[in-house]
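Chain naming here is simple, since letters A, B, ... match the order of the sequence lines and numbering starts at 1 in each.
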There are 2 protein chains.
Amino acid sequence: MARVGIREVAAASGVSIGTVSHYLNHPARVSAEKARRIQEAMDRLGFVRNNAGRQLRLGHSSTIAYMVPNVGNPFFATIAEGVEQRATEVGLSVFLTNSRRDREREDSYLALFEEQGVRGMLIASSRPIESRLAPIRDRGTPSVLVGRRASSPEQPSVSVDDVLGGYLAVRHLIETGRRRIAYVGGPLLVSQVADRLQGASNAVREFPGVTLEVIDIEEHVIAEGRRVAEELLTREPSARPDGVFAVNDLVAIGLLNVLAARGVRIPEDVAIIGYDDTEYAANSLVPLSSVRPPHEAFGMAAVDLLLAVMPGSETTPPPDPRLVFDPELVIRAST
Amino acid sequence: MARVGIREVAAASGVSIGTVSHYLNHPARVSAEKARRIQEAMDRLGFVRNNAGRQLRLGHSSTIAYMVPNVGNPFFATIAEGVEQRATEVGLSVFLTNSRRDREREDSYLALFEEQGVRGMLIASSRPIESRLAPIRDRGTPSVLVGRRASSPEQPSVSVDDVLGGYLAVRHLIETGRRRIAYVGGPLLVSQVADRLQGASNAVREFPGVTLEVIDIEEHVIAEGRRVAEELLTREPSARPDGVFAVNDLVAIGLLNVLAARGVRIPEDVAIIGYDDTEYAANSLVPLSSVRPPHEAFGMAAVDLLLAVMPGSETTPPPDPRLVFDPELVIRAST
DNA sequence: TTGAAAGCGCTAACAG
DNA sequence: CTGTTAGCGCTTTCAA
């Protein structure tokens, strides 16, 4: 079963390979009769265009990469929807990969993307990665950092104002009467984590008498939230926070489930607010208040920014290609 | 900024391009001195190997594709972990895509994969897709159906015995004293859904006096579980099922959260069991019993099977390449 | 409207 | 151990 290429199609339809290629790329320039014969031959032979040859000749692919630390995290999954939708609209395919927060995997994927000749990359990472992106950018493959504002003005990024998010969350807790606030999040080396805490602090400072406790965690998963809840339950009720701001919804849900199961009333005894406003927030036992970043819009904006910074793009990128979106508060029963 | 290829590296290090290529592909065959010079030149120039040229010459890539209906579904995300891990071990990269249950997207991704020259594909789909895979297979790109047993013995697949899963779930409910069983799932056109119901029926038939009600749903998401729970709450308590088998964990969690919040005791009044044993099952309000398919092992097995059916593989595929795994029962507090 | 031909970057066979 | 060279399949001038 010989592989069928344009050569075979040309032979089978009695035209030259140049004409077949024209048919593929500029169908209008081929006479109706030959077009019909070519199409018929393609169907009959099962022609599949070889992308390697095409890409080699063209010098670029029509693929972009999107790398996330954890595909299972609904936050990234939701953004992926927007990314894919927008990319499809402009004729690009998305190569999604999962770094599993592993630096080695990140690096090897970055190298792979560059070798593959992707047109650009969307990178979400929980660690500093700009220094890897810079040389790749210089060599001609642009990238957009997703989820964190770039420190270099050369590096495009799309992020949420996490300081504002933290501020909104905690001010809301305080305004609904909470005085002993706890922030459940970590590690603080992750800038989103630190920014949300900064925002929380800003809010607390505005209200004398309100205290802010920091409870450090390792990972942003449900199990960590549960663990913290168990710890809180060993305290005297009066020593417990009355308002908890969790670094994301998963952690908040872990907290909420354990506390509620042990008879702590949510929100009367402890109010809880999460972050990301994932599907799980709206559907948890006690519907969870959360800080909502723009979701689909976020992924689309990332693609649009990438398009703008691609070499040869007709749209010009903004002078400072670091887009920051404002999150908003979604208030539900948990506060 | 001229793109640097092996030609430039060769010039800069004073060797021929053949030697540079040898260094890339068989480093041992190059003298230490030249190897050093070549590596130095590559680093200095920022050489990136062009995959299109390589792939064109080689005739194949080192990429496999994994297409899922919904990246956000933790079941597929977990399998993806195993897929990626195993693929990395054998030097393959994984191109993950999200069909969003859209037939058009499925078809266009399938075509894209073939044009890209992937070595093989792993396909999870909630609709019949074998007829699309067959011609692609005949043209030389093998595939493994993931999550559902293929109907053709020509089509490799990796699946879970869902009839057994349904049986185990419902027998467990009955053995713990339940008599009015409800199966919450749908549409029955989806074979996994139908198989689980078949298993449930098998169990019910073994115990005279036990009834099985079917509650149809559209999608396997938390919100649907909540909706069903609201419906159940409108019934007289005596008309409610005392054991519920949900088609997956997300639906089960939606049910559980609403019922518990309205004072229904789990499992005393209603026992609930889910399917997939995702992270969310173990961490829900009342830890959820679930039917657990092999997770990471499942993804790995899919890759291994794909490797075995790849042309030129040294491992021979099993005579019937339709692997079926037995799920197991994970009993937690919800039953 | 069609065809001929050059060559994208790389690998491997072969010769030295 | 190293260099020379022939294409892999495709697109795109350029000429007819």
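For DNA chain C, the neighbouring residues in residues 13-32 of chain A, judged by any heavy atom under 4.0 Å, are A/Val15, A/Ser16, A/Thr19, A/His22, A/Arg29, A/Val30, A/Ser31. Residues of residues 43-59 of chain B having a heavy atom closer than 4.0 Å to DNA chain D, listed by number: B/Leu56, B/Arg57.
For A/Thr88, the side-chain contact (heavy atoms from CB on, under 4.5 Å) test picks out B/Arg105, with sequence neighbours left out. Every residue two or more places apart in sequence or in another chain was checked for a side-chain hydrogen bond (donor to acceptor under 3.5 Å, both in side chains) with A/Asp102, and none qualifies. In this structure A/Phe95 satisfies the ring pair (Phe, Tyr, Trp, His ring centres under 6.0 Å) test together with A/Phe113, B/Phe95, sequence neighbours excluded. Residues forming a side-chain hydrogen bond (donor to acceptor under 3.5 Å, both in side chains) with A/Glu104 (at least two apart in sequence, or on another chain): none. Remark: B/Tyr66 engages no residue in a ring pair (Phe, Tyr, Trp, His ring centres under 6.0 Å) (not counting sequence neighbours). A/Phe298 meets the ring pair (Phe, Tyr, Trp, His ring centres under 6.0 Å) test with A/Phe325; sequence neighbours excluded. For A/Gln192, the side-chain hydrogen bond (donor to acceptor under 3.5 Å, both in side chains) test picks out no residue, with sequence neighbours left out.
Identified under the salt bridge (Lys or Arg N to Asp or Glu O under 4.0 Å) test for residues 299-312 of chain A, with sequence neighbours left out: A/Arg86-A/Asp304.
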Review item, side-chain donor-acceptor pairs of residues 27-36 of chain B, under 3.5 Å, at least two apart:
| residue | atom | partner | partner atom | Å |
| --- | --- | --- | --- | --- |
| B/Ser31 | OG | B/Lys34 | N | 3.4 |
| B/Glu33 | OE2 | B/Arg37 | NH1 | 3.2 |

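For the pair A/Ile38 CD1 and C/dT2 C1', the interatomic distance rounds to 10 Å; values are reported in whole Å.
Here the range on DNA chain D touched by chain B, meaning any atom under 4.0 Å from one of its heavy atoms, is D/dC1 to D/dG9.
Side-chain contact annotation: B/Glu81 with A/Asn98, donor-acceptor N/O pair under 3.5 Å present.
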